[in-house]
Amino acid sequence: MPHCACAAESAERMEITRQNFKESLSAVYSAVEEADFLAIDGEFSGISDGPSVCALTNGMDTPEERYGKLRKHSMDFLLFQFGLCTFRYDQTQAKYFTKSFNFYIFPKPFSRTSPDLKFICQSSSIDFLASQGFDFNKVFRSGIPYLNQEEEAQLREQYEEKRNQMNGSGTPSYISPSSGKGPVNVPEEHKDFINTVVEKVEALLNNSEKTVKLEPCSGFQRKLIYQTLNWKYPKGLHVETVESEKKERFIQVSKVDEEERRRIEQQKHEREQEELNDAVGFSRVIHAISKSAKLVVGHNMLLDVMHTIHQFYCPLPEELDDFKEVTMCVFPRLLDTKLMASTQPFKELITNTSLAELEKQLKEKPFKAPRVECAEGFQSYDTAAEQLHEAGYDAYITGLCFISMANYLGSFLTPPRAHISARSKLIEPFYNKLFLMRVIDIPYLNISGPDLQPKRDHVLYVTFPKEWKTSDLYQLFSAFGNIQVSWIDDTSAFVSLSQLDQVQIAMNTSQYAESYRIQTYAEYVQSKHKHTNTHRKWSEDGWANTTFRSVAMTTASACNRSLTGKRSLSPSQEDQTSDFSGITDSNWSHFTKKIRTDAAESGEGVQSFSETLDSTTDSWLKPQPEGGAASSSPTPGAADQRDEWPELPTNQNQGPQASSTGLFDVPSVW
């Protein structure tokens, strides 16, 4: 059973709040830097701000529609707990060492000029988390603040602008030479106030006191004070705005010589920079993960990825293709364990892909529980005592699931390998494919290229009175055998027929209907996109030609890399000689040939997985962009190595009866 025994007194160390965030950052950075892969998980304050989850995840959604729904109805909730578990493989001990971190996150404004965010909660989500023992007080009282890149840039601009306003082009916290500036134009109603200030400063200069505190005043009056003192006393004074315990802001004036002035100014500048870094807060962790270019593993992770980008990088773009570009810049390599478990060769062996059940099944034959141990000084998790819906624990068992499934792939090699690296070519077919819940015929969102576009010729779009129920639709189509209903809203739904040749019959019988209307799926799509045609063309490098690309470039630049994903990946000796090291094309059909060749040379039989791969290779089709030309996506390695991604099998259904046994076939039960 995977668990680790660490010192009890250090168990709280990796539960990270605002109080211990700064002192823990170096440990987080070190863990990310040394890891072979990372696992993440998030807990949210809600899922949908209006539609039910069923309505939000219609079985006939296109990837564009699903993204649009989640962006519109889920992003005003808060990701307030983030789990990160790093996994480092020790080859000499043949085991993984883990470091788990559980971050509490809350957008507390750190100053009057920082963003004061609004967010919403969903009662069912809060009730569920409360039933799991979630500590909301820890979130609201001690949550780590954060800023996205735009907010950080704006805040830094505000700091500079404030400094410049206080004494012209100089630094506002001290009085610098005025370079011939004339007297300040003080409005009549403020002259008495400024004269009083000047009298107090004169008295300070003529007595033994070092400092005088002025009365609290308005922002405009403080600006007049800075400008006036800058003109009248170009040297020898340090002026600083201070905030009292009662949040009142006043100016403090001190007598200083030049050396002391510079020292004070340097200290103030460092303090301001530290405050800004504190405000950026948890976003620094996401920046470190992004900059590392390590494989990031999650379970059913689409919402985790969307919230992470939305809160800690930039507001989500409207278009799906733009979202893909930004995502590839922030997370160049993603892997969804729910999708992995739902596809070949796992889907026939795994009956339940929920995270808790998946972790249990992957301990049993033909799988093996991974050998893991928590690093010294880090919190341990015991899977026998489930801590589900604590983000750190969920990230931990997500990583365990990935290791078990990855290692299982090694059993098909000749000779079998007990350990499969996170950089192995065996893993590449699962890169950047995020599981789509409850979509009948599109199993994943393809982050690194065009999405699957199955034919839905057997699907009808039906509109009807709002009083209708599912039973009315079943009665309407009772003559057509088994049907599947996917509700859109109160007055419309998709109805999938079991036979393609029934479509025209259904259309003919509805010609004279008054209470309802039937359209083919093709007619529905055509009418929907008549005035909002947003189809993008995919360029030769696999990227959509979008106006958002410049934003993606900015994001990538902030991560010290280009849009194409240039990295200085330095695989270990083991990785350089890992699975199929002599293979330059990462197509699964080549893997099959390699397996068969090795088996023939050794005289050993080939297991069923390789036979399945070989028998279905011809049915695996690469997603086609507009115009029919195949496209390739940028590799997560060096940009000058434009090897194609593995040819991914698609699910180009010709109707409900179409079937095959390809790697990415739609599971019979979702």
Chemist: Taking the side chain as every heavy atom from C-beta outward, state whether Ile40 and Val297 have any atom pair closer than 4.5 Å.
Modeler: no
Chemist: Looking at residues at least two apart in the chain, or sitting in another chain, which of them share a ring-ring contact (aromatic ring centres under 6.0 Å, His included) with His310?
Modeler: none
Chemist: Is there side-chain contact between Tyr444 and Asp336, with heavy atoms separated by less than 4.5 Å?
Modeler: no
Chemist: Tell me whether the centres of the aromatic rings in Phe140 and Phe106 are closer together than 6.0 Å.
Modeler: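 Ring centroids of Phe140 and Phe106 are less than 6.0 Å from each other.
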Chemist: Verify, without hydrogens or angle tests, whether Asp41 (side chain) and Thr398 (backbone) share a donor-acceptor contact under 3.5 angstrom.
Modeler: no
Chemist: Kindly indicate whether the side chain of Val503, heavy atoms from C-beta on, has any atom under 4.5 Å from the side chain of Val459.
Modeler: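 SC-SC contact between Val503 and Val459 ruled out.
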Chemist: Tell me which donor-acceptor pairs under 3.5 Å the side chains of residues 121-130 have, and how far apart each pair is, sequence neighbours excluded?
Modeler:
residue : atom : partner : partner atom : Å
Gln122  : OE1  : Ile47   : N            : 2.7
Gln122  : OE1  : Ser48   : N            : 3.2
Gln122  : NE2  : Ser48   : O            : 3.2

Chemist: Determine whether the aromatic ring centres of residues Tyr461 and Tyr524 are separated by less than 6.0 angstrom.
Modeler: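 Tyr524 vs Tyr461: aromatic centres under 6.0 Å.
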Chemist: Taking side-chain hydrogen bond (donor to acceptor under 3.5 Å, both in side chains) as the definition, give me every residue that meets it alongside Thr353, ordered by chain and number, with sequence neighbours left out.
Modeler: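 For Thr353, the residues satisfying side-chain hydrogen bond (donor to acceptor under 3.5 Å, both in side chains) (neighbours in sequence not counted) are Lys338.
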Chemist: Does any non-hydrogen side-chain atom of Asn58 lie less than 4.5 Å from one of Ile488?
Modeler: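 A side-chain contact exists here, since the closest heavy-atom pair is under 4.5 Å.
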Chemist: Partners of Glu348 by salt bridge (charged side-chain N to carboxylate O under 4.0 Å, His left out), sequence neighbours excluded?
Modeler: none
Chemist: With heavy-atom distances below 4.5 Å as the criterion, would you say the side chains of Thr491 and Thr463 are in contact?
Modeler: no
Chemist: Under the side-chain hydrogen bond (donor to acceptor under 3.5 Å, both in side chains) test, which residues partner Ser496, sequence neighbours left out?
Modeler: none
Chemist: Quick one: ring-ring contact (aromatic ring centres under 6.0 Å, His included) partners of Phe134, sequence neighbours excluded?
Modeler: Phe80, Phe136
Chemist: List for me each residue that meets side-chain hydrogen bond (donor to acceptor under 3.5 Å, both in side chains) alongside Tyr521, sequence neighbours excluded, and say none if there are none.
Modeler: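 Only Arg456 meet the side-chain hydrogen bond (donor to acceptor under 3.5 Å, both in side chains) criterion with Tyr521.
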Chemist: Just jot down the ring-ring contact (aromatic ring centres under 6.0 Å, His included) partners of Phe37, sequence neighbours excluded, or say none.
Modeler: Phe87, Tyr96, Phe402
Chemist: Only distances under 3.5 Å count here; give the side-chain donor-acceptor pairs of residues 465-474 to other protein atoms, sequence neighbours excluded, each with its distance to 0.1 Å.
Modeler:
residue : atom : partner : partner atom : Å
Thr470  : OG1  : Trp487  : NE1          : 2.9
Asp472  : OD2  : Lys469  : N            : 2.7

Chemist: Name all residues meeting the side-chain hydrogen bond (donor to acceptor under 3.5 Å, both in side chains) criterion together with Asn352; count only those two or more places apart in sequence or in a different chain, and write none if there are none.
Modeler: Ser354
Chemist: Once ring-ring contact (aromatic ring centres under 6.0 Å, His included) is applied, what residue pairs with a partner in residues 332-370 remain, sequence neighbours excluded?
Modeler: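 Only Phe346-Tyr408, Phe367-Tyr408 qualify under ring-ring contact (aromatic ring centres under 6.0 Å, His included).
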Chemist: Is there any side-chain hydrogen bond (donor to acceptor under 3.5 Å, both in side chains) pair reaching into residues 67-85, and which pairs are they, with sequence neighbours excluded?
Modeler: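 Residue pairs with at least one partner in residues 67-85: Asp49-His73, Asp61-Lys69, Gln81-Tyr104.
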